[in-house]
Amino acid sequence: KRLVVLVSGSGTNLQALLDAIATAGAGAYGAEIVAVGADREGVEGLARAERAGIPTFVRKVKDYGSRAEWDAALAEAVAGHEPDLVVSAGFMKIVGKEFLARFGGRFVNTHPALLPSFPGAHGVRDALAYGARVTGCTVHFVDDGVDTGPIIAQGVVEVRDEDDESALHERIKEVERRLLVEVVGRLARNGYRIEGRKVVIQ
Ligand code: GRF
């Protein structure tokens with residue numbers, strides 16, 4: 001299967017996928033990353049792709065006259081690589097109607113909280129501020145809401161009294177990277193069905 005991965009930052013989730021595929025081999029893993037896209041230049045995630053010899057593309061919102069035009073341009077860039085599955089690994093933009101029309105049902109996101117708790121761009125900070133005793137990460141299909149699509153898998157992480165946002169996020173990311181590698185591989189190898197809120201992986 002062909003994967004396109006979207007990043008906005010350090011790309012450690014992307015790196016986990018790259019390492020898993022390099023270790024297992026694309027055949028055994030069930031997928032290869034054919035391109036990496038970002039919404040901004042110069043992020044470490046793009047550098048990781050370049051080091052792995054994987055084509056990259058950038059589509060910046062401010063380069064377009066409207067959000068809808070950016071969304072269509074992003075969808076076009078992704079479509080050019082003919083992906084079977086698109087993975088948002090720390091991609092910090094909300095895609096729109098055009099993107100979902102083309103990739104809905106095969107667009108996976110990873111979120112650093114136990115959805116439906118703490119959706120949005122500050123899930124780690126919000127869980128900490130709320131005083132949650134456990135939090136974690138969620139891998140889900142993207143729908144037309146923010147972090148509201150059908151959940152595929154979740155991982156639980158204890159919150160420690162001494163945690164600040166970055167310490168907690170790092171501990172979440174250790175679980176998140178393993179969860180994302182496991183889920184993407186299973187989706188790619190086994191195929192899946194989405195039945196309402198349920199995801200059935202064959
Ligand atoms: C991940 O925890 C992701 O869930 C969140 O931002 C982080 C991105 O990390 N949206 P990285 O860019 O994969 O290192």
Side-chain angles (χ1 to χ4, degrees), residues 3-23 29 31 33 35-52 54 56-61 74 78 85-95 99 103 107-130 132 134-143 145-160 163-185 187 199:
L3 297 184
V4 168
V5 181
L6 301 178
V7 299
S8 293
S10 54
T12 63
N13 279 287
L14 164 67
Q15 192 62 55
L17 289 167
L18 288 168
D19 296 347
I21 293 166
T23 304
Y29 182 73
I33 298 173
V36 172
D39 59 323
R40 62 198 79 178
E41 299 283 358
V43 295
E44 183 59 15
L46 291 172
R48 293 176 191 275
E50 284 150 19
R51 285 198 290 273
I54 292 170
T56 61
F57 59 86
V58 176
R59 292 295 182 276
K60 292 182 286 212
V61 172
L74 179 72
V78 170
L85 207 55
V86 185
V87 178
S88 159
F91 185 65
M92 297 306 276
K93 288 285 187 303
I94 306 299
V95 297
F99 195 96
F103 301 107
F107 182 30
V108 170
N109 180 48
T110 177
H111 180 75
L114 292 175
L115 296 174
S117 297
F118 313 119
H122 306 291
V124 180
R125 186 183 72 190
D126 296 344
L128 203 54
Y130 193 90
V134 294
T135 185
C137 49
T138 303
V139 180
H140 65 98
F141 281 101
V142 177
D143 67 4
V146 178
D147 298 327
T148 53
I151 292 173
I152 306 166
Q154 295 186 295
V156 178
V157 175
E158 297 269 338
V159 182
R160 296 178 184 160
D163 273 337
D164 60 9
E165 181 180 351
S166 67
L168 177 54
H169 200 167
E170 273 318 303
R171 213 160 57 251
I172 291 170
K173 284 171 86 169
E174 283 163 25
V175 175
E176 181 178 38
R177 292 192 278 265
R178 286 200 303 272
L179 194 68
L180 188 66
V181 164
E182 196 249 332
V183 163
V184 169
L187 292 174
V199 176

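Because the structure is a prediction, the values reported are computed rather than measured. All residue numbers refer to positions in the sequence shown, counting from 1. Order of listing sets the numbers, starting from 1, for every ligand and every atom in it.
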Under 3.5 Å: N or O atoms of ligand 1 paired with protein N or O:
{"from": "ligand 1", "atom 1": "2 (O)", "to": "His169", "atom 2": "NE2", "distance (Å)": "2.7"}
{"from": "ligand 1", "atom 1": "2 (O)", "to": "Glu176", "atom 2": "OE1", "distance (Å)": "2.7"}
{"from": "ligand 1", "atom 1": "2 (O)", "to": "Glu176", "atom 2": "OE2", "distance (Å)": "3.4"}
{"from": "ligand 1", "atom 1": "4 (O)", "to": "Thr110", "atom 2": "O", "distance (Å)": "3.2"}
{"from": "ligand 1", "atom 1": "4 (O)", "to": "Glu176", "atom 2": "OE2", "distance (Å)": "2.5"}
{"from": "ligand 1", "atom 1": "9 (O)", "to": "Lys173", "atom 2": "NZ", "distance (Å)": "3.2"}
{"from": "ligand 1", "atom 1": "12 (O)", "to": "Ser10", "atom 2": "N", "distance (Å)": "3.4"}
{"from": "ligand 1", "atom 1": "12 (O)", "to": "Ser10", "atom 2": "OG", "distance (Å)": "3.3"}
{"from": "ligand 1", "atom 1": "12 (O)", "to": "Gly11", "atom 2": "N", "distance (Å)": "2.8"}
{"from": "ligand 1", "atom 1": "13 (O)", "to": "Thr12", "atom 2": "N", "distance (Å)": "3.3"}
{"from": "ligand 1", "atom 1": "13 (O)", "to": "Asn13", "atom 2": "N", "distance (Å)": "3.0"}
{"from": "ligand 1", "atom 1": "13 (O)", "to": "Asn13", "atom 2": "ND2", "distance (Å)": "2.9"}
{"from": "ligand 1", "atom 1": "14 (O)", "to": "Ser10", "atom 2": "OG", "distance (Å)": "2.5"}
{"from": "ligand 1", "atom 1": "14 (O)", "to": "Gly11", "atom 2": "N", "distance (Å)": "3.4"}
{"from": "ligand 1", "atom 1": "14 (O)", "to": "Thr12", "atom 2": "N", "distance (Å)": "2.8"}
{"from": "ligand 1", "atom 1": "14 (O)", "to": "Thr12", "atom 2": "OG1", "distance (Å)": "2.6"}
{"from": "ligand 1", "atom 1": "14 (O)", "to": "Lys173", "atom 2": "NZ", "distance (Å)": "2.9"}

Roughly how far apart are [X] [atom1] and [Y] [atom2], rounded to 0.5 Å?
{"X": "Leu6", "Y": "Lys93", "atom1": "CG", "atom2": "NZ", "answer": "12.0 Å"}
{"X": "Arg178", "Y": "Leu180", "atom1": "CZ", "atom2": "CG", "answer": "12.5 Å"}
{"X": "Gln154", "Y": "Thr110", "atom1": "CD", "atom2": "OG1", "answer": "10.5 Å"}

Where Ala16 and Arg177 come nearest, the two heavy atoms and their spacing: CB-CB, 3.8 Å
message: When you measure from the side chain of His111 to the backbone of Phe118, do you find a donor-acceptor pair of N or O atoms at a distance under 3.5 Å?
response: yes
field: Main-chain N/O of Val36 paired to Thr56 side chain as donor or acceptor, under 3.5 Å
entry: no
